[in-house]
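Take a look at the structure below.
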Amino acid sequence: MASLFSKQRREIWSRRIKSFWQEYRNNKIGLVGLLIVFIYAFVAIFAPWLTPYDPLNPEAVAQGFAMPEWVTIIPEYRYLPRTLDMPLDWTIKDKSEFINATTGSNGFTVSYNGTGTQSINLTTTFLYPFDPPKKFRLGFTWTISNMTDAEYSAELYMSNPAGNTFIFYASYQNLPTAPFSTVPKHNLGTTLYSTSLPLYMYERLGVDKGTNVAQMIFLEQGEYKVQFHIRFRSTAETGAMEMQITNSKLMIFGLVHGLLGTDSIGRDIVSQLVYGTRISLAVGLFAAVISTSLGIFIGIVAGYFGGLVDETLMRIVDILLCLPVLPLLLGLMVIYGTSVWYLVILIAIFGWQGLSRIIRSRVLSLKEMPFVECARAAGGSKFYIMLKHMVPNVLPVALASMILSVPAAILTEAAISFIGLGDPSAPTWGRMLHYANSRGGFFALAWWWIIPPGLAITILTLCFVFIGHAVDEIVNPRLRRRR
Amino acid sequence: MIKRAVIALGTIYIIATLQFVIFQVVSPVDPTATYIMSDPRRTDEMRESLLRTFGLLDPLHIRYLKYIRNMFTWQFGISFKSMQPVAEEMSWRLVNTVLLLGSVLVCTIMVGVPLGVLAASRRGGRMDVAVIGSGIFAWGVPTFFIQLLFVLFFSYYAYVILGFPLFPYGKMHSVPPPNNPFAFIVDVGWHLLAPLITLVIAGFGSWALYTRNIMLDALTQDYIVTARAKGLTERAVLYRHAFRSSLPPIVTMVTLAIPGIVTGAMITESIFTWPGIGYWYIQSLFQGDYPVVQAVVFIYAVLMVVANILADILYGILDPRIRVGVRR
């Protein structure tokens, strides 16, 4: 076995690879294919550094169906809202006595210690330079502590440059006036979406349910103000409490986002595309390697042993070639689960038959060659001859076949994912197209959702076809005649 | 001939058995589970009665025998979903599939083969490069992507820009279908166009490339030199000598390609919701309608075996040098 990797052998192989590369270099299309595949591999490896978003995170980064940001160069789209996701920096205004307030980087703390009704206003202003958005979200967390004989009420207002003020949150919910609450709330997180406000908020705003509140408030470009109005009251002679409001954040969902916009639920498309490269490359390469190895193994065994072994193996090949592969794959995915690795193995199992036939016929002729006879006469075992004389001689053919089976595997995976039977935990291009098709990407005319994944598949498979043909021409000199 | 028929029947039998093993024996899923779960109105009692009605409580060997009988008598059992015989459900869908795929096959060959001949006759020319390019294109581009683009631009964008879709999207006729039989045929034809055109675009390249390569092989033969030496026109050499001798492999390829086209059109049918076998298969898979699933896979397998035999026979007829059983 050591002789397999001897210095002499290494030299032969390095010379072979060098001469192969010399020939390959002359094929321009093959080189382009190789270059692009390298770019894909780079993207696949460095995916986490290329995109800040996790493709499986369902959290929206912008409005659903947000267009790519570069469409804003068109004058008509110039002021489409970008996503504004910012923490609110509160400043203290109109503080009554008995109230102590401090603002920090994370929020503010208000403590009340005294008597009677006291109030405080906290405000923050920000600039909104775009057209009206469709949705915004306001979130904050509050903690109430040390509550003794005190109650509170809190309201949140937003006012726009036109001077209209809208109430957006009230701690007393749907009660008609502003009663004070004694319920101590601990670590209560509140997230308000402008599109799904509670019914009483619509009543308070004086609009019908379903009115787009975001559009109503952010009517024009200019300076907007958010205001927290908090009131305290003591229930006994004196009362005390402490209120802490942290993590106040306002997110206005943009109608344009990033390089390729967002999908129907507002997820970044670039990150899905980038991570999809991993799956496609992995599926293509692993399926090709496994199926080629199987093809080589079975072809050599059938060809070299001959007789009953050959007959049985070739009969199995015949039967497998009569199986309707795609329908069967779909059926197997439904019954036995949809993991990507499982799919790789299935594609490999259904993909080696053609190659094994070719290898077998090669081996049949190789077997009669003098050098094999010499090896046998010198006492080489069957295993030794197969490994040392058969495998190296069929490897070039197998290589061409392997590269050409990569695009087939990628297309099969894409088709299965497109139908909707792919791995739900794997962000693949086929799955992106599936969602684009089933979640209204067409109705929204979301070309930025439909074209990129399809184009990514097309370019990758075409590149492998180019490389495969280039290699095929080198290992099958007969083909060159045809060009 | 008899030997071949026996092998074919054996192959079909083995595939049917394999399928029984996959779908009914080792399957970790109760065949009725998906069916019951896919609709909240279906209860456990329904499942019991389903199991009893469909004989799924029988011992395995009885089920196997029944299954084999069902398959080979072309009955396929009863669909879980519609409670109708699968054979009946299948027949009209088969007509739709044959309508779509028959026209696809004819059109693809009508476009692809002449292009291949043309490319071979002007080897190295612009046409030749275009044919090689289209062949590689056919190999590498996912058909469903071409179809999605087609739908996006010619149905949705056309609807936005023109006010009506150039090609309708979905189903094989308008809703409601026109009453006038002539109008109905035109309507179906209109709905047929989109899947037809996209499948031809996706498929003609491989035919052109294949024909070109076969033709180039034929054009290097000695009898072509002889024909040219005789002073025949280039046209006669091309069509009467080279093309005629290239016909057997092309015809064989056509028969061998049929199963691939049929199974490949599954995705096409589900994109355009064309009510054919493939769309039915995918729907049944999602609904856990296993009798249908088994029947369709079986039909596909039979089609493949038959196409293989047909290819051999046709090749023998077209090329008398190769005939099974005749030793020269």
Side-chain angles (χ1 to χ4, degrees), chain A residues 29 315-316 318-328 330-337 404 407-408 410-412 414-416 418-421 429-430 433-434 436-437 441-447 450-451 453-466 468-469 479 481-483, chain B residues 7-8 10-12 14-15 18-19 22-23 26-29 34 123-124 132 136-137 139-146 148-149 151-153 155-157 160 169 212-213 216-217 220 259 262-264 266-267 270-271 278 281-282 285-286 288 290 293-294 296-297 299-301 303-305 308:
Chain A
I29 294 181
R315 197 49 67 217
I316 291 174
D318 285 346
I319 290 171
L320 282 177
L321 280 175
C322 280
L323 285 176
V325 175
L326 191 61
L328 213 57
L330 293 175
L332 288 168
M333 295 298 278
V334 165
I335 296 178
Y336 298 97
L404 283 173
I410 292 174
L411 288 181
T412 309
I416 288 174
F418 173 69
I419 285 179
L421 286 172
W429 295 331
L433 287 171
H434 168 68
N437 192 27
F442 283 85
F443 280 108
L445 298 176
W447 50 266
I450 298 159
I451 294 176
L455 216 54
I457 301 172
T458 307
I459 292 172
L460 184 59
T461 50
L462 280 180
C463 284
F464 274 108
V465 174
F466 290 155
H469 278 299
L479 285 178
R481 204 158 41 96
R482 287 196 186 140
R483 303 262 152 167
Chain B
I7 289 178
T11 308
I12 293 174
I14 290 173
I15 291 174
L18 204 66
Q19 220 198 141
I22 288 172
F23 286 122
V26 257
S27 167
V29 186
T34 322
R123 188 174 167 194
I132 294 173
I136 290 174
F137 177 82
W139 187 299
V141 180
T143 311
F144 62 85
F145 180 50
I146 297 177
L148 291 181
L149 282 186
V151 166
L152 179 66
F153 289 116
S155 297
Y156 284 93
Y157 268 107
V160 169
Y169 174 51
R212 169 191 175 271
N213 290 345
L216 283 186
D217 273 349
T220 53
V262 173
T263 53
M266 234 163 49
I267 297 169
S270 55
I271 288 178
Y281 179 78
I282 289 173
L285 265 183
F286 279 115
Y290 285 98
V293 169
Q294 289 170 351
V296 174
V297 174
I299 290 264
Y300 283 157
L303 190 67
M304 289 213 151
V305 172
N308 275 324

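Naming: A, B, ... by sequence-line order, numbering from 1 per chain. Just so you know, these numbers use all the heavy atoms, side chains as well, and skip hydrogens, waters and symmetry mates.
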Next on the checklist: Is B/Val160 close to chain A through its backbone or its side chain, or both, or neither, when contacts mean heavy atoms under 4.5 Å?
Outcome noted: side chain
Next on the checklist: With a 4.5 angstrom heavy-atom cut-off, is it the side chain or the backbone of B/Ile7 that approaches chain A, or both, or neither?
Outcome noted: side chain
Item to check | Max heavy-atom pair count under 4.5 Å with chain A, selected residue of B/Ile12, B/Leu148, B/Thr143 | outcome: B/Leu148
Checklist entry - Would you say A/Asp318 and B/Thr11 make side-chain contact, with heavy atoms under 4.5 Å? => result no
If you look only at distance, which donor and acceptor atoms sit under 3.5 Å apart when one is on a side chain in residues 456-464 of chain A and the other is two or more places apart or in another chain?
from, atom 1, to, atom 2, distance (Å)
A/Thr458, OG1, A/Gly454, O, 2.7
A/Thr461, OG1, A/Ile457, O, 2.9
A/Thr461, OG1, A/Thr458, O, 3.0
A/Thr461, OG1, B/Gly140, O, 2.4

Next on the checklist: As an exercise, state the distance from CD1 of B/Ile267 to CG of A/Leu330, rounded to the nearest 0.5 Å.
Outcome noted: 7.0 Å
Item to check | Toward chain A, the part of B/Tyr157 with a non-hydrogen atom under 4.5 Å | outcome: both
Checklist entry - Do you know the tightest heavy-atom contact between A/Leu323 and B/Met304? => result O-SD, 3.6 Å
Next on the checklist: Testing the basics here: between A/Ile419 and B/Phe286, what is the closest heavy-atom pair and its distance to 0.1 Å?
Outcome noted: O-CZ, 3.7 Å
Item to check | Portion of B/Val141 that has a non-hydrogen atom of chain A nearer than 4.5 angstrom | outcome: both
Next on the checklist: So for A/Pro407, is it side chain, backbone, both, or neither that comes closer than 4.5 Å to the heavy atoms of chain B?
Outcome noted: side chain
Next on the checklist: If you compare all heavy atoms of A/Val334 against all heavy atoms of B/Tyr290, which two are closest, and at what distance to 0.1 Å?
Outcome noted: CG1-OH, 3.9 Å
Checklist outcome for this item: For B/Phe145 and A/Leu455 the tightest heavy-atom approach is CZ-N, 3.5 Å
Checklist entry - According to the interplanar angle, ranging from 0 to 90°, do the rings of B/Tyr156 and A/Phe442 count as parallel (below 30°), tilted (30 to 60°) or perpendicular (above 60°)? => result tilted
Next on the checklist: Please classify the contact between A/Ile29 and chain B as side chain, backbone, both or neither, with a heavy-atom cut-off of under 4.5 Å.
Outcome noted: neither
Next on the checklist: Nearest 0.5 Å, please: how far is CG in A/Asn437 from CD1 in B/Ile271?
Outcome noted: 6.5 Å
Checklist entry - So how far is it from A/Cys322 SG to B/Ile15 CD1, rounded to the nearest 0.5 Å? => result 5.0 Å
Checklist entry - What's the verdict on side chain to side chain contact (heavy atoms under 4.5 Å, CB included) for A/Leu328 and B/Tyr300, showing C-alpha distance, side-chain angles and the deciding distance? => result CA-CA 10 Å; A/Leu328 213 57; B/Tyr300 283 157; over 6 Å; no
Checklist entry - Non-hydrogen atoms of chain A under 4.5 Å away: do they reach the side chain of B/Phe153, the backbone, both or neither? => result side chain
Checklist entry - What is the distance from atom CD1 of B/Ile14 to atom CD1 of A/Ile316, rounded to the nearest 0.5 Å? => result 9.0 Å
Checklist outcome for this item: Whatever's closer than 4.5 Å to a heavy atom in chain A on B/Pro142 counts as both
Checklist outcome for this item: d(B/Leu152 CG, A/Ile451 CD1) to nearest 0.5 Å is 6.0 Å
Checklist entry - How close do A/Gly331 and B/Leu285 get, heavy atom to heavy atom, and via which atoms? => result CA-CD2, 3.6 Å
